[in-house]
Amino acid sequence: MTMSTSHFKPLFFVMLFLLPLTSHCADSDPLQDFCVADYSAKTSGDGFACKPASEVKADDFFFSGLRYEGNTTNKFGTLTTHGDVLSFPALNTLGLSMNRVDFAPGGLNPPHIHPRSSEIVFVVEGTLLAGFLTSKHVLFSKVVNAGDMFVIPRSLVHFQLNIGKTKARTITSFNSQFPGDPIMSTNLFGSTPTIPNEVLTKTFQVDDNIVNLIKSKFSP
Ligand SMILES: *[C@@H]1O[C@H](CO)[C@@H](O)[C@H](O)[C@H]1NC(C)=O
């Protein structure tokens with residue numbers, strides 16, 4: 001005896017609506033096997049133009065940029081090495097990328113967002129406090145150790161702080177070829193042109209001196 005198909009219809013329609021949603025959560029799908037970025041092309045769509053297929057070599061699909069430890073001698077004590085489409089042209093149209101982040105002891109990957117991507121943080125070395133904020137101002141944070149992963153939903157403000165005594169290192173992966181990573185402090189206080197003080201004094205409920213002081217630390 002067969003079951004009534006009426007039970008399955010709602011599920012079928014739910015799936016029908018979910019399918020296009022899942023395929024539009026990140027970068028658009030590729031239209032060809034590959035489209036190695038041609039940075040010098042004068043025109044492109046949303047991304048880079050393709051290098052002629054006849055000129056594509058195995059080396060185009062290889063990138064060793066994440067081998068090297070980043071120099072963490074800077075004000076945050078961290079350095080992000082990008083393995084995105086700007087450094088690894090074969091990622092063009094593939095909808096993924098990876099970065100390496102090195103942390104000095106006490107180093108902070110300061111609050112920032114990835115406007116086009118969710119992120120998985122894989123801890124290779126060290127101990128970090130990783131957290132993100134929801135759009136309702138709730139903080140979700142965890143202490144993560146070597147071998148652990150932490151996931152950050154797309155576009156939410158997040159940070160990682162090295163709370164261990166040694167240096168730390170993460171490999172982060174993204175469902176975008178070019179996630180973008182504006183740091184909130186630089187975005188607001190180090191923009192070009194600069195945001196008028198009136199906006200910032202009101203936003204942060206402080207006076208001009210404080211805004212000028214913070215601006216001086218993030219001037220472009
Ligand atoms: C790291 O960066 C600092 C500050 O820019 C610089 O003084 C230092 O020489 C760099 N270290 C290496 C190993 O490149």
Side-chain angles (χ1 to χ4, degrees), residues 37 39-40 48 59-92 96-117 119-133 141-150 152 156-174 176-195 197 200 204 209-220:
Y39 298 132
S40 63
F48 291 97
D59 271 350
D60 285 314
F61 300 95
F62 172 81
F63 178 69
S64 62
L66 301 194
R67 272 190 204 182
Y68 308 102
E69 184 170 358
N71 184 340
T72 58
T73 307
N74 55 57
K75 64 178 168 232
F76 294 124
T78 55
L79 195 87
T80 300
T81 305
H82 294 87
D84 62 23
V85 72
L86 297 188
S87 47
F88 189 2
L91 297 186
N92 192 40
L96 45 85
S97 58
M98 284 177 126
N99 291 344
R100 166 182 178 147
V101 188
D102 287 285
F103 298 75
L108 172 71
N109 190 7
H112 63 282
I113 63 166
H114 302 294
R116 293 175 287 277
S117 186
E119 170 179 5
I120 288 178
V121 178
F122 176 73
V123 186
V124 178
E125 180 185 1
T127 302
L128 300 162
L129 176 71
F132 70 83
L133 292 143
S141 72
K142 277 291 286 181
V143 172
V144 287
N145 289 290
D148 295 343
M149 297 202 293
F150 190 69
I152 296 137
L156 299 185
V157 174
H158 62 283
F159 61 85
Q160 297 102 36
L161 174 68
N162 183 359
I163 57 170
K165 290 192 165 45
T166 59
K167 59 190 181 183
R169 174 168 35 127
T170 63
I171 293 289
T172 54
S173 69
F174 301 91
S176 170
Q177 66 178 24
F178 189 44
D181 53 5
I183 292 170
M184 311 320 294
S185 48
T186 312
N187 210 235
L188 288 173
F189 293 94
S191 65
T192 309
T194 188
I195 299 179
N197 274 22
L200 295 171
F204 289 95
N209 292 333
I210 295 178
V211 166
N212 288 335
L213 175 67
I214 302 176
K215 275 187 172 176
S216 73
K217 307 210 180 268
F218 295 96
S219 60

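Small disclaimer: the values here were computed from a predicted structure and weren't measured. Numbering of ligands and ligand atoms starts at 1, following listing order.
The nearest protein heavy atom to atom 9 (O) of ligand 1 is not closer than 4.0 Å.
For atom 12 (C) of ligand 1, the closest heavy atom belonging to the protein is Asn71 ND2, 3.4 Å. Of all protein heavy atoms, the one closest to atom 5 (O) of ligand 1 is Thr73 O, 4.3 Å.
Judged purely by atom type and a 3.5 angstrom limit, Tyr39 uses its side chain to pair as donor or acceptor with the backbone of Leu86. Remark: the backbone N or O of Leu128 is not paired with any side-chain donor or acceptor of Asn162 at under 3.5 angstrom. Within the 3.5 Å criterion, the main-chain N or O of Phe103 finds no donor-acceptor partner in the side chain of Thr72. Using modelled atom types, one side-chain atom of Arg100 and one backbone atom of Arg67 make a donor-acceptor pair closer than 3.5 Å.
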